[in-house]
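Throughout, protein chains are lettered first and strands after them, A, B, ... in sequence-line order, and every chain is numbered starting at 1.
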Protein chains: 2
Amino acid sequence: MRLTERKIAATLRQHGYKLTPQRRAVMRTIASTQDHLTPAAIYQKVHKDHPSIGLVTIYRTLDILAKLELICELHAGGSCRSYTVGARGHHHHLICSNCGEVIDFTGYDLTQLEQRLSRQTGFEIEGHLLEFIGLCQNCQKND
Amino acid sequence: MRLTERKIAATLRQHGYKLTPQRRAVMRTIASTQDHLTPAAIYQKVHKDHPSIGLVTIYRTLDILAKLELICELHAGGSCRSYTVGARGHHHHLICSNCGEVIDFTGYDLTQLEQRLSRQTGFEIEGHLLEFIGLCQNCQKND
DNA sequence: TATATAAATGATAATAATTTTCATTTACAA
DNA sequence: TTGTAAATGAAAATTATTATCATTTATATA
């Protein structure tokens, strides 16, 4: 099922958010493409039709839509990074969203999936990022 | 096999990078903990013993170590995000590191792994991030 | 339909993270 | 020992994001 502007509007209402022209514009822009857009790119597109809309409103709207899971977020390198020694061999991360604790885990192999994707898309795959986000035991208690 | 300072030094040399006291200090700091550290955190730690070292050098050193795959990078929300309509149901991303094209793929289920991790670590898992990075067909040609 | 009100907006400033520039210093090959 | 390319530090420039606050507006309800 394709995500429609109507669907987004309804969900906003359900959660008590107002339906403003600015939000409509952002929704329409995101729904109009399959591409992934950065906040700045969305701002530029929206700005053409609605020159008075502010970048801040874009950010606020994106936060809401992401919280309602109407849009999804991805990270493609760049900022917000942290580092650790690279445990030899493959490992992935489990990150506490509250305190930031990171647990490495091993023993999960994505080779097959990688081959499938490579075959299906023609991509030459260089690497991947697999992370789970959640609350660690400690932060669950102190909630 | 644990990553040692010696190992890091050798790899640097192999790739024609000089072994400076500043790089030693960064390496020693990263190798001394299992935690994941942000560039700023690494800077603070290094700064105690070597007050003259600059944050810029930390960034430069991290870039090199990451390129040589001696350390690994993770993204824990925050900046560097982009958005798309959330295709209903689960999907993950395949991102071209050159042109930024994003392909969504479905049909890969991480539920079992999630349950295993939850059992083993006590985490209450809220979500995950699975992305493959590579070169799309087009960018492979124009190389 | 008018209106009260909480929510949303835009402008601006503030903060944070990262990169660039460039003059100076330094590791190391010869 | 020395020449040279590479690395460094300081400072400024970019870029991304968030906070503040006075003004406007969507919408529930009278």
Side-chain angles (χ1 to χ4, degrees), chain A residues 5 8-29 36-68 70-71 73-83 100, chain B residues 5 8-29 36-68 70-71 73-83 100:
Chain A
E5 198 186 325
I8 301 182
T11 308
L12 270 185
R13 271 189 219 280
Q14 276 166 28
H15 291 265
Y17 292 102
K18 291 181 179 173
L19 189 55
T20 65
Q22 293 89 342
R23 285 177 183 167
R24 274 177 195 285
V26 172
M27 292 173 341
R28 200 172 302 135
T29 299
H36 285 249
L37 302 171
T38 61
I42 294 168
Y43 172 68
Q44 284 179 359
K45 278 173 177 280
V46 168
H47 200 258
K48 279 180 193 155
D49 291 336
H50 307 263
S52 70
I53 201 170
L55 179 56
V56 188
T57 297
I58 306 289
Y59 273 100
R60 285 190 282 229
T61 303
L62 291 174
D63 282 347
I64 291 171
L65 297 180
K67 193 181 300 170
L68 298 180
L70 288 169
I71 58 178
E73 194 177 315
L74 69 82
H75 293 264
S79 326
C80 78
R81 52 198 178 177
S82 75
Y83 297 91
Chain B
E5 199 186 325
I8 302 182
T11 308
L12 271 184
R13 271 188 220 280
Q14 275 167 30
H15 291 263
Y17 292 103
K18 291 181 180 174
L19 188 56
T20 66
Q22 293 88 342
R23 286 177 182 166
R24 273 178 196 286
V26 172
M27 292 174 340
R28 200 171 302 134
T29 298
H36 285 250
L37 303 171
T38 61
I42 293 168
Y43 172 68
Q44 284 180 358
K45 277 172 178 279
V46 168
H47 201 257
K48 280 181 194 157
D49 291 336
H50 307 262
S52 69
I53 201 171
L55 180 55
V56 190
T57 297
I58 305 290
Y59 274 101
R60 286 190 282 228
T61 303
L62 291 173
D63 283 347
I64 291 171
L65 296 180
K67 192 182 299 168
L68 298 180
L70 288 169
I71 58 178
E73 194 176 316
L74 70 83
H75 293 265
S79 327
C80 78
R81 51 197 179 179
S82 75
Y83 297 91

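The CZ atom of A/R13 sits 12 Å away from the C1' atom of D/dA28 (whole-angstrom rounding). If you measure from atom OH of A/Y17 to atom C1' of C/dA7, you get 11 Å, rounded to the nearest angstrom. A straight line from CZ of B/R24 to P of C/dT26 spans 16 Å, rounded to a whole angstrom. Rounded to an integer number of Å, the gap from CD1 of A/I64 to C1' of C/dT9 is 12 Å. A straight line from NE2 of B/H15 to P of D/dA7 spans 14 Å, rounded to a whole angstrom. Rounded to an integer number of Å, the gap from CD of A/Q22 to P of C/dA7 is 17 Å. In this structure, B/R23 places its CZ atom 11 Å from P of D/dG9, rounding to the nearest Å. Here D/dT8 presents its P atom at 12 Å from CG of B/D63, a figure rounded to the nearest Å.
A/I58 CD1 to A/D63 CG: the interatomic distance, rounded to the nearest 0.5 Å, is 11.5 Å. Atom NZ of A/K48 is separated from atom CD1 of A/I53 by 14.5 Å, given to the nearest 0.5 angstrom. Atom CD1 of A/I8 sits about 10.0 Å away from atom CG of A/L68, to the nearest 0.5 Å.
Listed by chain and residue number, A/T38 satisfy the side chain to side chain contact (heavy atoms under 4.5 Å, CB included) test with A/A40 (two or more places apart in sequence, or in another chain). Scored by the salt bridge (charged side-chain N to carboxylate O under 4.0 Å, His left out) test, A/R28 finds A/E5 as partners (sequence neighbours excluded). Taking the side chain to side chain contact (heavy atoms under 4.5 Å, CB included) definition, one finds that A/R60 meets it with A/V56, A/T57, sequence neighbours left out. Residues meeting the ring-ring contact (aromatic ring centres under 6.0 Å, His included) test with B/Y43, sequence neighbours left out: B/H47.
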Using distance only, find each side-chain donor-acceptor pair of residues 20-27 of chain B under 3.5 Å and give its atom names and separation, not counting sequence neighbours.
residue	atom	partner	partner atom	Å
B/T20	OG1	B/Q22	OE1	3.4
B/T20	OG1	B/R23	N	3.1
B/R23	NH1	B/K18	O	2.8

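Closest to the side chain of A/L19, out of C/dT9, D/dT27, D/dG9, is D/dT27.
Rounded to 10 degrees, the angle between the two end axes of the helix from C/dT1-D/dA30 to C/dA30-D/dT1 is 40°, with five pairs used at each end.
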Atom pairs, protein N/O to nucleotides 20-25 of chain D N/O, distance under 3.5 Å:
none

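Side chains of B/L12 and B/I64 form a contact here, defined as non-hydrogen atoms less than 4.5 Å apart.
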